[in-house]
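For reference, the structure discussed in these notes is given below.
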Amino acid sequence: MTKVRFAPSPTGYLHIGNFRTALINFLYARNKNGHFMLRIDDTDDERSQIKYEHAIKEDLDWMGINWDSLEKQSSRLFYYDQALEKLLDKKRAYPCFETPEELSLKRKRQLSSGKPPIYDRTALHLSDSDIADFKAKGIRPHYRFLLDHSDVNWNDLVKGPSRYNMSNLSDPVIIREDGKVIYTLASVVDDIDFEITDILRGEDHMTNSAAQIQLFEALEASPPNLGHLSLLTDISGAGLSKRIGSLSLRDLKAEGFQPMAISSLLSKVGTSDSVDIFKDINQITFDFDIEKFGKSKPKFDKNELKFLNSKYFKLLDFEDIYDQLKNFNFEVTSGFWELVKDNIENIKQIETWWHIIYGKIKPVYNDTDFIKTCLQNLPNGNFNENTWSIWTSNIMKVSGRKGKDLYNPLRLCLTGQSRGPEMATLVLLMGRKKIIERLSLNDL
RNA sequence: GGUCCCUUCGUCUAAUGGUUAGGACACCGCCCUUUCACGGCGGCAAUACGAGUUCGAAUCUCGUAGGGAUCACCA
């Protein structure tokens, strides 16, 4: 069975970039009737915070991404130590005693003399007595994984046949001086233990993956299928992570964006499918195919998100949106929703139209004589679906106006807006009293 | 600086050696509605640059330019 995982570290809120990875993993699993695991990578306890873990779950929940199982790396530390022992036995791990300062100095020197900043394996050549000396002095080792300096080949789910030569990489540190595990090892141990079949993540993990393939093999497991998605950029082509700005899921929610607008965009941008709105995540699951993702960097355009948001409302019946509608402090009726749903791009605009139709606004009068004529010709009796056309043709006869000259001033006066929903229905909802109020020019 | 990856309409992309280089969104126009919006129809618009291979190149090769990623005792 296909089994994937989304493995965020709880060091911040989910943003558009890492949520996209979550979404793609989710869709991939659902499409194959597989298993989607949420794994909290909280091995770095200096940066990890429980509040972020809660926030990540909340946000995924809001987006309709449900996980089939949950794991936390902080509860699995024993297994990582076990893995280290195994690697030590096989001489694929070795203790090192350099301080971080030494290492960073070394890197700087290499860089300034035009060399790649790769660890020189000094510690690999330490004798047993050297090691004993360090330990006697109370210096605790950190451990590195010994890379095999050969080509690592894999067939990437997104990038196709891929190759990386390991001599371009430092032996990765896998256990810190304080005994805590590093991501590179923890991730592989978990992927083996939980029998992850496919890993989909950003292309920033490309070289990690190459090293991890060797780690899988050193731990006598076969590596899962690997797929590296091109990273989203902003509209100018710059990396998204650099402008943390307003792109967290929480901010997007606060701005009124709908989960399906976000998911629709994020699941299609960068693929050979056209970007369009979907009412339900299952519709996206159905024809999801990782092969459709291209190799070049897709751009995230907030305007596109706005457009999808407005398109989403048009898809919804009253019942579909009722849960959100009841959060307003006035009662939105089905008729009201049907009237305005084609004319909003944000749920907040419900409030604007509510005030226009039932509340108090500042009408726009640009032709007071004409407005008086309109008021005088308002039909008597109860309003019905013909009222608007009877009314406007009366005005036409009396004033001689038609088309734009007739409708624009009337719309402006009644709604204060130059654009908006169908007037025939709007007038019906607004009612006689409110119309007379608007046309009475009291605010002049 | 080393290594890896990317470059087709404004944007996302299709076309795995032969197409009028296709679609979607945006934009523009027309229609609908005796108004605008919504909706429907149509139009504009691209192979980064330079060589090479080939009867034929967006597609293969090399170079140039631009962009990105990575090179942590973070994940």
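To find a chain, count down the sequence lines: A is the first, B the second, and so on, and within it residues start at 1. Values in this document were obtained by computation on a predicted structure and should not be read as measured data.
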Send over the distance from [X] [atom1] to [N] [atom2], rounded to a whole Å.
X: A:Lys106; N: B:C73; atom1: NZ; atom2: P; result: 12 Å
X: A:Lys180; N: B:A72; atom1: NZ; atom2: C1'; result: 16 Å
X: A:Phe145; N: B:C73; atom1: CZ; atom2: C1'; result: 17 Å
X: A:Leu169; N: B:A72; atom1: CG; atom2: C1'; result: 12 Å
X: A:Met423; N: B:U33; atom1: CE; atom2: P; result: 18 Å

Reckon [X] touches a base, only the sugar-phosphate, or nothing at all at heavy-atom distances under 4.0 Å?
X: A:Ile118; result: nothing
X: A:Phe307; result: sugar-phosphate
X: A:Thr271; result: sugar-phosphate
X: A:His205; result: base
X: A:Pro117; result: base
X: A:Asp301; result: nothing
X: A:Asp276; result: nothing
X: A:Thr392; result: nothing
X: A:Gly114; result: sugar-phosphate
X: A:Leu231; result: sugar-phosphate

Taking only the side-chain heavy atoms of [X] (C-beta and beyond), determine which of [options] contains the nearest atom.
X: A:Ser393; options: B:C25, B:C73, B:U34; answer: B:U34
X: A:Ser274; options: B:A75, B:U13, B:A24; answer: B:A24
X: A:Glu422; options: B:C36, B:A75, B:U34; answer: B:C36
X: A:Asn208; options: B:A75, B:C12, B:C36; answer: B:A75
X: A:Asp204; options: B:C12, B:U70, B:C71; answer: B:U70

Does this structure show an ion pair linking [X] with [Y], if we count only N-O contacts that are shorter than 4.0 Å?
X: A:Asp171; Y: A:Arg92; value: no
X: A:Asp59; Y: A:Arg250; value: yes
X: A:Glu71; Y: A:Arg76; value: no
X: A:Arg39; Y: A:Asp41; value: yes

Worksheet item: Is the distance between the ring centroids of A:His205 and A:Tyr183 less than 6.0 Å?
Response: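 Aromatic pair counts; centres sit under 6.0 Å.
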
When both hydrogen-bonding distances must be under 3.5 Å and the geometry is Watson-Crick or G-U wobble, what is [N] paired with, if anything?
N: B:A57; result: none
N: B:A14; result: none
N: B:C9; result: none
N: B:C32; result: none
N: B:G50; result: B:C62

Short N/O separations, protein against nucleotides 3-10 of chain B, under 3.5 angstrom:
{"unit_1": "B:U3", "atom_1": "O2'", "unit_2": "A:Tyr164", "atom_2": "OH", "d": "3.2"}
{"unit_1": "B:U3", "atom_1": "O2'", "unit_2": "A:Asn168", "atom_2": "ND2", "d": "3.4"}

Quick one: is [N] close enough that its OP1 or OP2 comes under 4.0 Å of any side-chain N or O from [X]?
X: A:Arg176; N: B:A72; result: no
X: A:Arg107; N: B:A72; result: yes
X: A:Ser104; N: B:A72; result: no
X: A:Lys314; N: B:C38; result: no

Worksheet item: Distance under 6.0 Å and angle within 45° of the ring axis: does A:Arg401 meet both against A:Phe370?
Response: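 Yes, A:Arg401 lies over the aromatic ring of A:Phe370.
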
Worksheet entry | Heavy-atom neighbours of A:Tyr79 OH exceed 12 at 6.0 Å |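 For A:Tyr79, atom OH is not crowded (no more than 12 foreign heavy atoms under 6.0 Å).
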
Practice prompt. Measure the acute angle between the ring planes of A:Tyr94 and A:Tyr119, then classify it against the limits of 30° and 60° as parallel, tilted or perpendicular.
Written response: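 Aromatic pair A:Tyr94/A:Tyr119 classed parallel.
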
Worksheet item: How are the rings of A:Trp354 and A:Tyr358 set relative to one another: parallel (under 30°), tilted (30 to 60°) or perpendicular (over 60°)?
Response: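 Plane angle between 30° and 60°, so tilted.
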
